[in-house]
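Letters A, B, ... mirror the listed sequences (proteins, then strands); counts begin at 1. What you see below is based on every heavy atom in this structure, not just the backbone, and it leaves out hydrogens, waters and symmetry mates.
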Amino acid sequence: MKRKLNAFWRVTKAGGNNFLRNAWLSIAATAVMTVALTIMLGAVVLHVSTGNAVKELSKKIKVTIYLKDGATEERRDMVKARLQSQEGVDNITFVDRREAERRFKTNQNQQDKAFIEQALALTGATTLPESLEVSLTDLSKSNSIVAIAKEQGYKDVVDDVSVGKNDVAKETIERATSAQRYITRGSIFAAILFAAVSVLIIFNTIRMAIFTRSEEIRIMKLIGATPNYIRGPFLVESCMYGFIAGVLANVAVYTAILSIGPKIQNQAEFSASYALFTSTSVMLISLAGAILVGIMVGIFSSMLAMNKHLKLKHW
Amino acid sequence: MILLDRVTKTYSKKGAALERISLHVEPKEFVIIVGHSGAGKSTLLKLLTREEKPTSGKILVGGIDYERLKDRDIPYLRRKIGVVFQDFKLLPAKTVFENVAFALEIVGLSNREIKHTVPKVLDLVGLKGKEDSYPSELSGGERQRVAIARAVVRQPKILIADEPTGNLDPKHAWDVIRVLEKINHYGTTVLLTTHNQEIVNKLKRRVVTIDGGHIVSDKAGGSYK
């Protein structure tokens, strides 16, 4: 066991020496991997942030289900329960007449007020109707909510259904959703591209290290070094690229988050995301994740190079 | 210690490098293998270090049957056999001490054990005081003695020396041979290949002559013409 530990320590040390010996190649390999990991992390941050922002905006648009006069509480609760079980529904609020009137009186929008008064005059109604207000987390589900509310079975309780308070907000959300989709796809493509470039650069770095040390490797084989002892330094070297790149990518992404975040964290759309990304656990997960991905890319590249150029099987 | 039973090694295009050779070497023996270039001496040594596999026949070294030897066990076999090459195969960027220590590092010995062992072996091969020199600062004979020190530092039962005097002048060649004799005297079986008639004739050891892939003579206290 002690001998294995000694050998492990020497392999690690040799890997570190290889890293320093080919300083320029090591810097190039680490830099490209840093870019790839920064894009990957950035993509995750953007995806989550825009997703949260869209969710927050979606809550502002509500599906209002106007109830018929005389609809019983039992029937109203049936509709509510059915809608509550649907995907994308955040919460459902029952608005009684008193609350509807209070809202009408406190409404500052004169245009809305005039419209409602006109509608009441036309229908001959004296009071505002009771309603169920459905908040959504996913705007695309609004149509299915409307369809359910308009089902034949609820004719006795549902009078009418209205979606959204203003079309501009709906359009903004749709644009944001579409932008989120494109940003995510673009980031994934860029991350894959840079990951492929870093695989190629690490492959070449390890290949050159193998050629440089070919005589040493041959001597190692002849005097009884195991394949793992010979491979070890190359694996350590490529793990170092991944480790350093993972740390640097986190530094880059968190520098951006911490410099932009305070300026936008008061906006409801971004406050949740900022709190999420600046929590200690998420910071640690981000660091560990980037390092792990970096190390995996490094190991994959060096294994490719070793399988091709380090002929350990042919003794 | 070493047993070869009707061993044949055929390279696909060149024909048989060795053909049905049988050889038995006792523990602590000093055997000189002679023959012209291309006679099959190096192939024989490569079979013993398992750099090559025999086409047919049986090889047993120190009780290990090569037929049953798995690839993953080859490094452990090589740790039991010391090998010295004509071109030394030293690492130029490492000092004498580091070159010898290299053989101990790969088996996981601690730095303390290495610092304790290496000077003793360097003393054995007559290189005390040269620990910090680089191979480029040494004569051919000294370099070969460093290679011998590296080969014996793990105290192998067998030492294979493939033309160790090939690149050396007579004086340095004899220095190397004296070191090999000393190592044999301490109980290591030595297999030496050489072209040097004077060395073979003066040593008066068992001489195995290979020609055209066959053992043509095997005599104790033999000579080479």
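- Looking at B:Thr49, neither its backbone nor its side chain comes within 4.5 Å of chain A, counting heavy atoms on both sides.
- Neither the backbone nor the side chain of B:Ile160 comes within contact range of chain A; no heavy atoms are under 4.5 Å apart.
- The main-chain N or O of A:Val45 is found under 3.5 Å from a side-chain atom of A:Ser49 such that the two form a donor-acceptor pair.
- For the residue pair A:Ser198 and A:Val297, the shortest heavy atom distance occurs at OG-CG1, 4.1 Å.
- Between chain B and the options A:Leu5, A:Val11, A:Asn6, heavy-atom pairs under 4.5 Å are most frequent for A:Asn6.
- Annotation: side chain of B:Ile81 is in contact with side chain of B:Val61 (closest heavy-atom distance under 4.5 Å).
- Heavy-atom pairs under 4.5 Å with chain A peak, among B:Lys89, B:Arg150, B:Arg154, at B:Lys89.
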Begin with the C-alpha distance, continue with both residues' side-chain angles, and end with the deciding distance and a verdict on ring pair (Phe, Tyr, Trp, His ring centres under 6.0 Å) for A:Tyr254 and A:Phe277.
CA-CA 9 Å; A:Tyr254 271 95; A:Phe277 286 117; 7.4 Å; no
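- Considering all non-hydrogen atoms of both residues, B:Gly141 and B:Leu168 come closest at N-CD2, 3.5 Å.
- In terms of non-hydrogen atom pairs under 4.5 Å with chain B, the most contact-rich of A:Glu216, A:Met220, A:Arg10, A:Arg3 is A:Arg10.
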